[in-house]
Structure formats: C-alpha cells, structure tokens
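Keep in mind that this is a model prediction, so the values were computed, not measured. Residue numbers start from 1 in every chain, and the chains themselves are labelled A, B, ... in the order their sequence lines are given, proteins ahead of strands.
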4 protein chains.
Amino acid sequence: MRARLERERETRRESIIEATEQLLNEKTFESITMDDIAMRSDFAKASIYQYFKNKEELLIKVFSRILEIKCRLIKEKCLSQADPVQAIRNYIRLEFEFIRRYPWGPRVAATFPFIDYQEVNYLFALYEQKKKLIAAIIQRGQTGGIFVKADLDVFTNMIISAGVGFVNYFSTHMSSDLQSPEIEMFISTIIKGITKGEQ
Amino acid sequence: MRARLERERETRRESIIEATEQLLNEKTFESITMDDIAMRSDFAKASIYQYFKNKEELLIKVFSRILEIKCRLIKEKCLSQADPVQAIRNYIRLEFEFIRRYPWGPRVAATFPFIDYQEVNYLFALYEQKKKLIAAIIQRGQTGGIFVKADLDVFTNMIISAGVGFVNYFSTHMSSDLQSPEIEMFISTIIKGITKGEQ
Amino acid sequence: MRARLERERETRRESIIEATEQLLNEKTFESITMDDIAMRSDFAKASIYQYFKNKEELLIKVFSRILEIKCRLIKEKCLSQADPVQAIRNYIRLEFEFIRRYPWGPRVAATFPFIDYQEVNYLFALYEQKKKLIAAIIQRGQTGGIFVKADLDVFTNMIISAGVGFVNYFSTHMSSDLQSPEIEMFISTIIKGITKGEQ
Amino acid sequence: MRARLERERETRRESIIEATEQLLNEKTFESITMDDIAMRSDFAKASIYQYFKNKEELLIKVFSRILEIKCRLIKEKCLSQADPVQAIRNYIRLEFEFIRRYPWGPRVAATFPFIDYQEVNYLFALYEQKKKLIAAIIQRGQTGGIFVKADLDVFTNMIISAGVGFVNYFSTHMSSDLQSPEIEMFISTIIKGITKGEQ
DNA sequence: CATGAATGAGGATTCATTCAT
DNA sequence: TATGAATGAATCCTCATTCAT
C-alpha cells in the first residue's frame, strides 16, 4: 500500500510538471507564477510545495524530463537504423519533431539558470548520454567508409550543434512546419557535406 | 544648439543601452531590474524613464541596436567578397565573432516578448534587410554556377538558420572559442553541401 | 483497560511536550513550527492535534508543566529546611538550578500570550501556590525574629522578584554557571539585607 | 541642501522606529507584521524597505536606540550624584522609570535573535558602556569605605543583574507602579546588603 | 532635466489547521 | 486512532513606475 501512495504521489508530480509545460508554451519560466501553475494544475498554490521544494527545482524537473524523452526517442528511432545516412537523416527529423512537441525547449534551455544544484549533474549526464548515441551512429558511418574522416568527438559535436541549432533557430524564427522545404534542403546539405565522394 | 542638446541626449541613451548590454552578460533581461540598470549607468532610476518609455522599450532598443550592428558588419565584410564561397565562409565566421561580442544575443532573442509594439516593425525590417544581404550572396553563387540550384528564398532561409543556429548552439552549449575545430568542420560541410560537383 | 489506554495517551502527550521543550532550547515558541514538533516527536503533524487543540494549548501545557515541577522542587527542598535563612538561600539556588534545566523558561514567560483561556487560570493557581510556599518560609523567619519586619505580602513579592529576576537576567546575559561568584554575592547581599541586626 | 535631505530621511526613519516601539507594547516583534508597521507609521509597506533593509535590521535599530537612551539617562542622573548610596538608589529607580517608558524592553531582549550582524557589535559596545558607568559608582563607594569589599567586576555584575532582573520581573509579573512598596523594600535590602556595618 | 521618495500590485514561500481515508 | 494530503491566509520582500521638487 506504501507503493500505491508513492505511485499516486508521482502522478500528482507529473500533473504539475505537465501544467508547467503547457504554460511554457505561452511564456517564459521567469514570468510564469506559482499562481499560474496552481491554477493550471488544479492544485492550491501551497500544495505545489509538497511536491517541489521551490520554483527552481520544478524547472529542473521539467527540463530533465524533456531530455529523458529525447534520449529515449533517439534510441528508439535512430540506433535501430542500419544505414548511417538514414540514421542521421532520422536524427535531424527527430529533433524537429521533438521541437514541435516542446517548442519551449530552446527558450528554456537558453535561460536555464545553471546554479549549483545536485540535480544539475543529472542533466549533464543526460546530455552526455545523448552525445554517445550520436557518436555511435557516426562511428558506424566512418567505419563503413561512408562518412568523411574526422575526429569523432569533433564530428559529433558538429552534427549535434548543426542539427539542434538549425532546428531551434528555424522553428523559432521561421516556421515550425515539418514540411518546410528548408528542412529537407538542410538535411541534404549536411548529408552531402559529410559523406565521401559523390552522393 | 538644439542639435547639441539632441546629441547629448543620444549619448545618454547610449550609456543606458550599454549598461543594459553589460548586465545582459550576467543575467536574463527579466531578472535585470531598473535599479540594476540605474546603478550601472550612473543615472537615477527615475531618469531612465526620460529616455525610454519603459523597460520593454529599452529591450527593443537594445535588441535593434545589435541587429543594426550585425547588418553593418555583414555589408562591410561579406558583400565586398567577390568569391561567393569565401563570402559564405566569411558570413558564418562573422556570426561567430558577433556572438563572442554579444553572447547574450541568442538568449535575448529566445525570450523576446513579441508583443504588439510599433517598434517591433522596425526589428522585422532589420531582419529582412539581413536576409536580403545573404540572398544577394547566394544568388551571385548560383548565377556563377557554383552553388546548387534551389529556390532562392528557401536556400537563404536554410543558410541563415543553419549558420545562426549552429553558432548559437555551439557557443552556448559547447565552446565560444573561435579556434574550435568544429567550426571549420561545420563551414566545410555546409560549403561542400551547397556547391556543385567536387570541391 | 480504559485505564491503560488513558495512560498511553498521557505518555504520548508527554513525548510531544518533551519534543517542544527540546525545541525551545533552540528557538522561540513562535518560530517553532508544528512540522518541527512533529519531526522531533516522531508523530505525523496531524496527530499532534489529537493531543492538543492547537499550538497555543500546547504552549500552555508546556509552561504549566514547568511550573508544576518548580513547585514540587520548592516543596521538597526548601520547606523541609528549618532554618529560614538557609531556606531562602536554598530557594534562590534552586531557582538557579531550575533555569539550568529549562533555560528557555524566562524567554517563554516573557512572550507568553496572556489571552483568555480556561487553562490560563490553572497557571495563575500555580503561581499563587508557589508564592504561598515562599510566604510560609518568610513568615517563619519573621516569627522567629530573624527577618526584618515588613508586610508579608510585600516581603514575599520582593523576594520572588529579586530572586527570579536576578537569576533570569544573570543566566541570560552573563553566565549560567552555578559556581559564578556573583550568585553567592547576590544571595549574601539579600540575606544580609533582610535579616535583623548583624550577620 | 544635501544636509536637509539627510535630516529629513533621518526623521522618517525615526517615525518608523517609533511606530514599531508603539506596536511592541502590544505584541511580540515576531508577531508584528510589516503591514502593522506600515499602517502605524503611515507609510506604504514598500516604503519601509527604503529605510531598513529588512525586519531584522529594524529590530536591531529599535533595540540599540533604547540602549542608547538608557546609557544617556544613567550618565545624566547617576554619575552626577556624589553619594554612592544615593547613586545606586537612583540607578535602580531609573531602571524602573525606564521600563515604564519601554515596557517591551525585557520581552524584546529575551527574544532577541543574536545572529551575526555588523550592528550587533554596536549593541555589545553599548552594554559595556553601561557596565562601566555602574562600576565607576561602585568603585567610588568602595574607595570611600562605604560599600563592602568585593571584586569590582563581580560586584558590578551582581548589582546590574539584581537591579535589572528585579525590575524586569516585578514590572512584568506584578506591577509597574513606581509607588509599589516592593520597590522601596528591594532597594533598601540591596543597599543594606552592600554597605558596611550598620545603616 | 534630474532625482529622491513613494507605492500598488504582485510574487515566492510558509504554516497552522482541517479533511478524508 | 493515525496520517498523508490539501489549503486559505498570511508574511516578507521586490520592482516597475509615478510624482513632487
């Protein structure tokens, strides 16, 4: 029965996180008030403090949750792909799909207060995990003689920065339509750029 | 003499803007208080309201100033380049240099409150201006048979999103060192991706 | 079996009171939270309300308990003394020992909220009881021709105020060391002051 | 003109302090809210923070002010007295008068939060100053062969603790009437206790 | 123009107490 | 009886903005 209570508690935590995510579509975390969150999650303001020590901890939880989902998706949809070119293509599309679901991601990441916090270490771990997944794809492509030679770490960093950067910028400043021709052009450009010989 | 007064007034406006820019290196615009700005700019808090209607107008001014500078730099350093490949290369490097000078740029852009405001139109005009500059470069490359064929608008959007996106992300999450090998690799990849045939 | 239940109930009440007393060594009653008390007494916060109507009642209980102990001690250690001088001497020392055990006594007494409350009457009764004990000692001294003549009530009030006052102040502001020479000097001074003729 | 502004500012600070003192007659500092103070001092709540960093600083200011007054009074009314017996008598009466004016003194002192604070050092200095004044009186009495022999420091501590202690306790628990016979009896007792030979 | 002062409208957080199980 | 959960009502403090001089 202790387990059931724990599970219920977790459910309520999630409601609050979800309410916060909804609000993040509408405004900055800083400008979201605990009243907003309370209203949206149908709790009394004071109740939220039973689930999160303070506003900052809530932000960190919201943020790490989205990273977790991202990692899971990458694992599911990219690593399974045998063809490295297709895997990279999928990865970039996936970043795009992801941003459609959580458009506030870049905004929150941009203003994330990197104060010392035990939880922050967990966030870094998640970042690293994601990086390793991409590196695995690239290495496969290099071993297979498909991708250009380059230091694996540099290559990975470049791909992630280019991919996430493009997606963030494009969806924020131009369009978040998955069908936009710019996306396909970007992917082709990158693929052509990193594959050996002619495509 | 009216002119001198006007000039002095402008100087003081700039002091305030500069103080705000300094503070933006340290924290979010939302979390910067008018007291902070007053302190840093050596004005009394109330005096700031003689130069800017309110905090929001100040933000817009800060933001449009940085766009103006960006446009000027692009004109100076890229359009002059006859070789389109070199021009694109320069453009991306320039975005990078730019972000070194104004690291808060992406953060501010990400959280910019796009409320209706007369001034905001001016911002859009600046964006458009920048886009036209890049388009001009690309068109030259296409006409010269160097760049791949593609809708000019799409091509331009893609280049800007890829360039600014990469630079924003890489400098925020990885390193803001101009010598990082990732940067050169990114530029080569993009160039290879958009040029016809072999390099 | 009803009796056993009642006894258990009383035991639990005492645990809570003891937890509160511990906390009073660390901070003001006002700044002690029900959460603090719950934590310290190993009860759930809500459970405390099964034993005390509210925080105020708890304070009164804590406070009257300490007065009860005080009265008992005076009876045991002073009234037994045949020699009135020695009895007074003992009384003052006893107040001192008492404050070593409950250093928060004066602080709590000073901020005691004298709101109308049935229980408060009981407190007054205890005060009166203590006063009578001291009066008895003094009267014995006067009857025996040892103490100076003076209205018994005035005499008693004076002795209590001087004794408790000195002890409170000295232990709070100077030292709570039972061996401090000031204590002996105070006692001698008072004794000399209230006894007839030479000492 | 800078001076006038400064003076006005000081006046407003004093208003706030006075409002707080009034309220201290009615309840604990902890239970006084900034709203109370604002109401009583006819300022907006936010304005108070222009004069005091926070509630705690305000308390310290209130508290040090009363100590200052006390020191000044002792200087004026006791040191002038040539006769040491009369000086001590005056001193105790003065403590009593003082408590009539600031009955909340003991209560506030009892619950004073002795957290590290620059200002707290100042408080200690004031305490020391007061102690020196009393020591001077006693020394005069000892030199003149009127008071009993005893270590000056111990003697002083004892007198202060007895005096302030009695006054605090008596006025809080019994009566704050300056004419109460207990007061005269206490003073006589102490005087008799500390003077040599017969009185 | 410049600025010291004043403040209304919040905002995060706390806490005694109640309720449902 | 015991307690996890919920919450209304504060409470301290902040801040953009206005006003009077």
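- Using Watson-Crick or G-U wobble geometry with both donor-acceptor distances under 3.5 Å, dA9(E) finds its partner in dT14(F).
- Each of S31(D) and D42(A) lies near DNA chain F, and the nucleotide nearest D42(A) is the one positioned closer to the 5' end.
- For dC1(E), the OP1/OP2 oxygens have no side-chain nitrogen or oxygen of Q50(B) closer than 4.0 Å.
- Close to dA5(F), at under 4.0 Å from its OP1 or OP2, lies a side-chain N or O of R9(A).
- Distance alone, capped at 3.5 Å, is enough to place a donor-acceptor pair between the R107(B) side chain and the K27(B) backbone.
- What separates CD1 of I37(A) from P of dT13(E) is a distance of 10 Å, to the nearest Å.
- Computed from coordinates, the E30(C) CD to dA10(F) C1' distance equals 14 Å when rounded to whole Å.
- Spacing between atom CE of M34(C) and atom C1' of dG8(F) amounts to 17 Å, rounded to whole angstrom units.
- Taking each heavy atom of I66(A) and G105(A) in turn, the nearest pair found is CD1-CA, 4.3 Å.
- Nucleic acid contact for I32(D): sugar-phosphate only, since backbone atoms but no base atoms lie under 4.0 Å from a heavy atom of the residue.
- At distances below 3.5 Å, not a single donor-acceptor pair connects side-chain atoms of T28(A) with backbone N or O atoms of E30(A).
- OP1 or OP2 of dT7(E) has at least one side-chain nitrogen or oxygen of S47(D) nearer than 4.0 Å.
- For the pair D35(B) CG and dA5(E) P, the computed distance is 13 Å after rounding to whole Å.
- Under the Watson-Crick or G-U wobble criterion, with both distances below 3.5 Å, dT21(E) is paired with dA2(F).
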- Message: Under the criterion salt bridge (charged side-chain N to carboxylate O under 4.0 Å, His left out), I'd like the reasoning laid out for R40(C) against E26(C): C-alpha separation, chi angles, the key distance, then a yes or no.
- Response: CA-CA 12 Å; R40(C) 195 65 70 99; E26(C) 297 159 27; 3.1 Å; yes
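- The nearest heavy atom of DNA chain E to A46(B) and to I48(D) marks one nucleotide each, and the one closer to the 5' end goes with A46(B).
- Nearest-nucleotide positions on DNA chain F place Y51(A) closer to the 5' end than the other of T33(B) and Y51(A).
- Between K53(C) atom NZ and dA16(E) atom C1' the separation is 14 Å, expressed in whole Å.
- When the side-chain nitrogen and oxygen atoms of R12(A) are compared with OP1 and OP2 of dA5(F), one or more of them lie within a distance under 4.0 Å.
- One atom, CG of N54(A), and another, C1' of dG11(E), lie 14 Å apart when rounded to the nearest Å.
- Not one side-chain nitrogen or oxygen of Y49(B) sits closer than 4.0 Å to the OP1 or OP2 atom of dC19(F).
- Residues Y102(B) and L24(B) are not in side-chain contact: their nearest non-hydrogen atoms beyond the backbone lie 4.5 Å or more apart.
- Atom CZ of F52(A) is separated from atom P of dT13(E) by 13 Å (rounded to the nearest Å).
- One atom, CG of L59(A), and another, P of dA12(E), lie 13 Å apart when rounded to the nearest Å.
- Across every strand in view, dG8(F) sits in a pair with dC15(E) that passes the Watson-Crick or G-U test at under 3.5 angstrom.
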- Decide salt bridge (charged side-chain N to carboxylate O under 4.0 Å, His left out) for R101(C) and E21(C); before the verdict, give the C-alpha distance in whole Å, the side-chain angles of both, and the deciding distance to 0.1 Å. CA-CA 10 Å; R101(C) 226 185 292 174; E21(C) 289 181 349; over 6 Å; no
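- Remark: the K45(B) side chain and the dT17(F) base include a donor-acceptor N/O pair separated by less than 3.5 Å.
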